[in-house]
**Student:** 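Quick one: this structure, given as structure tokens, is what I'll be asking you about.
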Amino acid sequence: MEEVSSASLAQLPHEMLKFVLQHTSASEGAARLGQLSFRARPTTINTPHYLVPTSRGVIPHLSQDNVQRHTKITAVYLPLEDFIEKSHADAPIYSTPVQKGESRLRRYTCLPDQCLSVVGPRRVPSISPPAHNTNSSIAISTSYGFRFLEVQQYNKAVKDLDVDVSVSLADVVTAETASAKRIEKSADRTHAWLADMVESQRGDASEATPVFASIPPLEPQLLSLYLSDLRDEYTSHISGLCIYSPSTMVAVPEGLRQLPTICLDDPPTPQAVLAAIYAGVDLITVPFATQSSEYGIALSFSFPFPGSTEPCPSEQPLGTDMWSTTHATDLSPLSPDCECYTCQRHHRAYVHHLLQANEMLAWTLLQIHNYSIIDSLFASIRRSIAQGTFDADVQTFGRAYRSELPKQTGQGPRVRGYQMKSVGRGEPKKNPRQYGRLDDQVQKLAEAESGVATPDGDAEDIEKHGLAKRVE
Amino acid sequence: MSTATKPSALAFDLQARCSTSKARASTLHLPHGPVDLPMFMPVATQASLKGLTPEQLEETGCRLCLNNTYHLGLKPGQAVLDAIGGAHKLQGWNYNILTDSGGFQMVSLLKLAKITEEGVRFLSPHDGSPMLLTPEHSMSLQNSIGSDIMMQLDDVIQTTSPDHARMKEAMERSVRWLDRCIAAHKYPEKQNLFCIIQGGLDLEMRKQCCLEMIKRDTPGIAIGGLSGGEAKSDFCKVVDTCTDLLPENKPRYIMGIGYPEDIVVAVALGADMFDCVWPTRTARFGNAITSQGVLNLKHARYARDFGPVEHDCTCTCCRSKEDGGLGITRAYIYHLAAKETVGAHLLTMHNVHHLLSLMRRARQAILEDRYPEFAQDFFARYFADKATPQWAIDALQGVGIEL
């Protein structure tokens with residue numbers, strides 16, 4: 001791995017964004033500490049840091065007041081496809097009235113001031129549309145179905161919305177059996193689309209949105225031409241890099257390493273997050289936090305692992321399944337010593353009850369907790385790099401914890417069409433049946449009065465619960 | 001300040017009476033703090049108010065919410081409630097809780113429920129075994145929940161039922177069941193048991209029931225069996241008849257009422273407490289309650305409406321960012337409604353706040369003896385683009401308020 005000289009200051013094209021590398025040491029792989037600051041934003045982000053994927057402009061299950069009060073989230077990722085419905089041209093977000101200097105995106109989504117907005121075209125993780133990208137557009141998925149997003153439309157959108165950071169379009173090949181020809185096109189198109197975006201930003205430099213250049217997840221030899229061009233011709237036009245797999249880091253040449261790098265990926269575990277940071281990623285999306293919340297899993301790992309892994313590796317779980325009835329009367333916090341709102345004010349028994357009762361609040365409380373765990377993970381990663389113990393801490397973490405998150409055992413929220421692709425005939429139902437055609441009377445009754453529902457459980461359950469007794 | 005002579009865990013402080021109508025303003029001192037009446041109580045059916053944290057509920061100004069005994073009896077169940085130490089501890093809610101008896105849910109939903117003198121007999125919908133819910137069961141569960149106000153098990157039948165004999169039986173049985181509830185109630189000094197007036201739409205029967213129930217001297221009194229599809233004018237007559245007989249020094253609770261117009265009329269008729277799932281349920285369907293009526297924000301006409309959900313609303317959702325709120329717009333709720341749970345959270349926050357704020361303004365109006373003007377103003381706005389319903393005009397006229 002290349003070594004970047006200590007405290008090298010990357011003078012980026014726009015004063016809008018400043019990235020200062022603080023520390024790198026050869027023993028820590030390519031992991032590094034940095035500070036990302038913005039002229040127009042109050043927050044400074046210490047890297048490595050996490051980027052929270054949003055859905056339709058919100059962090060799932062967290063209303064904006066909860067984000068402000070109970071999380072330390074400072075950067076979110078917003079996909080443009082979430083705001084395009086029937087057509088790009090009349091998407092309501094573009095008509096949001098704003099004051100001078102105010103971001104249209106921030107106004108529309110009521111995004112808290114503490115959060116930096118990073119905008120790209122697609123959700124993370126995203127659904128693969130059936131259609132292929134073309135030379136001038138990419139295929140996207142909206143809540144009304146699959147559409148095409150023109151390169152010009154996208155470039156105009158990021159300007160109109162006045163986002164904090166925009167990611168250039170990438171031609172990401174999702175098919176597993178893509179032809180060599182198709183793969184070759186990927187780098188070329190991404191290259192051409194970056195050129196378009198940079199071109200569209202010309203004019204008043206002080207108003208330009210910082211652009212992060214996308215690098216599609218391809219073999220290094222297929223990227224070499226594009227990357228050397230990036231280094232030689234684009235460094236004065238781009239503010240950072242955006243990759244889609246940490247494996248792309250090895251291909252990034254020295255002349256681009258001073259740039260902050262975002263990784264829009266879906267690492268399955270904290271171990272994968274650590275590996276990405278080890279490879280030199282500065283900001284990374286961690287979709288498993290939200291997914292765990294929806295599965296009813298409270299993350300429970302700490303970094304560095306506080307115990308000992310000698311003499312033999314231990315098998316610590318990465319999370320706790322709150323669906324398990326072992327928590328029914330457990331008044332302890334989700335994780336011992338956790339300082340989040342959920343752990344301070346509530347307990348396992350309540351979260352367990354809310355999951356069992358299908359109450360939305362379960363996911364909210366789990367989100368607050370899980371993002372607190374993720375925030376601690378990144379704070380500890382930064383400390384560990386600063387101390388020069390990152391390499392060893394990663395090794396220990398790998399030995400201490402299981403290699404997978406706990407499996408989902410209960411039912412999560414209803415899955416929406418824009419979250420999951422339909423595979424066509426014969427696929428299983430995405431959501432359990434709620435009511436049948438002839439059950440509408442029952443449904444009406446169920447909604448008519450003070451929270452009515454039919455009892456479930458057999459006679460023995462009802463009796464055991466003390467609700468009534470069996471007779472005869 | 002006056003209290004019931006029997007053991008009770010509340011003090012009722014009547015502060016003002018409208019000089020025109022029967023509206024009253026008071027403060028009810030309960031085990032988990034005082035609440036101002038008249039008031040609306042949001043329903044946190046299963047120990048959670050539809051996505052809001054107890055902290056967010058607190059912020060709407062709510063200090064008394066409902067839990068349903070029937071639901072908590074099934075999940076998490078009595079044994080868990082006993083182990084945890086009650087519903088307050090379960091949900092981290094340090095203010096007051098009111099629970100119903102659990103009987104209503106069975107009767108309204110289970111086709112095969114049969115009411116006998118012993119209790120409510122029903123078939124377990126799962127395996128068909130015969131079950132029995134008695135007044136003693138209901139009290140025992142509500143004692144385990146630890147609610148600040150608990151309700152007696154009553155014999156509920158459709159108010160519109162034409163069977164006069166059955167209605168009379170139900171009313172008399174409810175009185176007998178109250179006696180059994182009082183006997184079975186373990187903590188009268190910690191929890192307040194309210195009786196429920198029955199008697200369908202028969203005003204004579206309601207009067208009889210009132211007199212019998214008043215004799216039992218419970219800390220508070222509920223009027224039950226309404227909101228079951230009866231004509232609104234009949235509903236008003238029942239409330240009017242009962243409040244004429246009920247003692248001044250006890251809170252009066254009308255069960256299952258939650259439309260703003262119903263509440264404004266019922267307050268004029270002398271009622272103090274109301275509950276309904278409608279404001280929170282309708283929020284989940286994208287409906288916002290405003291002074292100008294209910295808006296369905298899922299409608300495309302709101303896609304580009306960048307105003308707050310309700311102008312001049314002071315809830316967290318509607319207040320502008322400059323005012324320390326979230327600055328949520330109708331357009332953004334349109335974008336989220338029925339797609340992200342946060343859309344439901346935000347509207348629930350607004351709707352609960354709207355109802356509580358309506359009650360606060362009603363109370364202030366009573367204190368300043370201008371409730372008639374308040375009611376006139378409410379109806380003028382709420383039904384701005386349609387006719388005020390005749391039943392409301394008639395009912396208010398009956399207590400001296402001309403719309």
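Quick note on labels: first sequence line is chain A, next is B, and so on, each numbered from 1.
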**Student:** Report which part of Ala47(B) has an atom under 4.5 Å of a heavy atom belonging to chain A: side chain, backbone, both, or neither.
**Tutor:**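 Both backbone and side chain of Ala47(B) come within 4.5 Å of chain A.
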**Student:** Taking side-chain contact (heavy atoms from CB on, under 4.5 Å) as the definition, give me every residue that meets it alongside Asp90(A), ordered by chain and number, with sequence neighbours left out.
**Tutor:**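 Applying side-chain contact (heavy atoms from CB on, under 4.5 Å) to Asp90(A) gives Ser87(A), Arg304(B).
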**Student:** Using every non-hydrogen atom in the two residues, find where Arg345(A) and Pro54(B) come nearest and quote the distance to one decimal.
**Tutor:**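 Residues Arg345(A) and Pro54(B), closest heavy atoms: NH2-CB, 3.5 Å.
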**Student:** Is the shortest heavy-atom distance from the side chain of Gln64(A) to the side chain of Val342(B) under 4.5 Å?
**Tutor:** yes
**Student:** Under 4.5 Å, counting heavy-atom pairs only, tell me which of Pro97(A), Pro60(A), Ala349(A) racks up the most with chain B.
**Tutor:**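 Answer, by heavy-atom pair count under 4.5 Å with chain B: Pro97(A).
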**Student:** Based on non-hydrogen pairs under 4.5 Å, which of Thr341(B), Leu336(B), Thr53(B), Leu90(B) is most in contact with chain A?
**Tutor:**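 Winner by heavy-atom pair count: Leu90(B).
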**Student:** Could you have a look at Ile59(A), Leu62(A), Leu354(A), Thr109(A) and say which one has the most heavy-atom pairs with chain B under 4.5 angstrom?
**Tutor:** Thr109(A)
**Student:** Under 4.5 Å heavy-atom distance to chain A, tell me which part of Ser48(B) shows up: side chain, backbone, both or neither.
**Tutor:**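 Contact with chain A is through both the backbone and side chain of Ser48(B).
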**Student:** Check Met360(A) against Ala344(B) and note the closest heavy-atom contact, atom names and distance.
**Tutor:**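 Reported closest heavy-atom pair: CE-CB, 4.2 Å.
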**Student:** Rounded at 0.5 Å granularity, tell me how far CG in Asp82(B) sits from OG1 in Thr329(A).
**Tutor:** 11.5 Å
**Student:** Find the one option among Asn358(A), Thr342(A), Leu331(A), Leu365(A) whose heavy-atom pairs under 4.5 Å with chain B are most numerous.
**Tutor:**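 It is Leu331(A).
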**Student:** Can you name the nearest heavy-atom pair linking Asp82(A) to His335(B), along with the distance?
**Tutor:** O-CE1, 3.0 Å
**Student:** Does any heavy atom of chain B fall under 4.5 Å from the side chain of Thr364(A), the backbone, both, or neither of them?
**Tutor:**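 For Thr364(A), the contact with chain B is made by the side chain alone.
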**Student:** Quick one: of Asp330(A), Asp113(A), Leu361(A), Ile368(A), who has the most non-hydrogen atom pairs under 4.5 Å with chain B?
**Tutor:** Leu361(A)
**Student:** Contact part of His347(A) toward chain B, heavy-atom cut-off under 4.5 Å: side chain, backbone, both or neither?
**Tutor:** side chain
**Student:** Tell me, for Glu136(B) versus chain A, whether the close heavy atoms (under 4.5 Å) come from the side chain, the backbone, both or neither.
**Tutor:**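 For Glu136(B), there is no contact with chain A at all, as no heavy atom is under 4.5 Å.
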**Student:** So how far is it from Tyr332(B) OH to Arg56(A) CZ, rounded to the nearest 0.5 Å?
**Tutor:**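 Atom-to-atom, Tyr332(B):OH and Arg56(A):CZ are 8.5 Å apart.
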**Student:** I need the minimum non-hydrogen distance between Tyr108(A) and Ala331(B), along with the two atoms involved.
**Tutor:** OH-O, 3.9 Å
**Student:** Select one option (side chain, backbone, both, neither) describing which atoms of Leu52(B) are under 4.5 Å from chain A's heavy atoms.
**Tutor:**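 Contact with chain A: backbone only.
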**Student:** Which bit of Phe83(A) comes within less than 4.5 Å of chain B, counting heavy atoms only: side chain, backbone, both or neither?
**Tutor:**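 Looking at Phe83(A), backbone and side chain both touch chain B.
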**Student:** Looking at residues at least two apart in the chain, or sitting in another chain, which of them share a side-chain hydrogen bond (donor to acceptor under 3.5 Å, both in side chains) with Ser147(B)?
**Tutor:**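 Thr99(B).
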**Student:** If you count every heavy atom of other residues, nucleotides or ligands that lies below 6.0 Å from Tyr259(B) atom OH, does the total exceed 12?
**Tutor:**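 No.
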**Student:** Distance from Gln46(B) atom CD to Glu359(A) atom CD, nearest 0.5 Å?
**Tutor:** 5.0 Å
**Student:** Under 4.5 Å heavy-atom distance to chain B, tell me which part of Arg106(A) shows up: side chain, backbone, both or neither.
**Tutor:** both
**Student:** Do the charged groups of Arg69(A) and Glu59(B) touch, with an N to O distance under 4.0 Å?
**Tutor:**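 Yes, this pair counts.
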**Student:** Would you compute the distance between atom NZ of Lys321(B) and atom CD of Glu102(A) and round it to the nearest 0.5 angstrom?
**Tutor:** 7.5 Å
**Student:** Heavy-atom count check: over 12 atoms from other residues, nucleotides or ligands less than 6.0 Å from Glu117(B) CD?
**Tutor:**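 Yes, enclosed.
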**Student:** Could you give the distance from CG (Asn66(A)) to CD (Gln56(B)), rounded to the nearest 0.5 Å?
**Tutor:** 4.0 Å
**Student:** Among Met349(B), Glu118(B), Lys50(B), which residue forms the greatest number of heavy-atom pairs with chain A at distances under 4.5 Å?
**Tutor:**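 Top count of heavy-atom pairs under 4.5 Å with chain A: Lys50(B).
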**Student:** Let me know if His353(A) has heavy atoms under 4.5 Å from chain B in its side chain, its backbone, both or neither.
**Tutor:** side chain
**Student:** To check you understand the geometry: which heavy-atom pair defines the closest contact between Ser63(A) and Leu346(B), and what is its length?
**Tutor:**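 Heavy-atom minimum between the residues: CB-CD2, 4.0 Å.
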**Student:** Any idea which of Leu326(B), Val80(B), Leu49(B) has the most non-hydrogen atom pairs under 4.5 angstrom with chain A?
**Tutor:** Leu326(B)
**Student:** So which heavy atom on Ala303(B) is nearest to which on Pro92(A), and how close?
**Tutor:**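 In terms of heavy atoms, the two residues are closest at O-CB, 3.3 Å.
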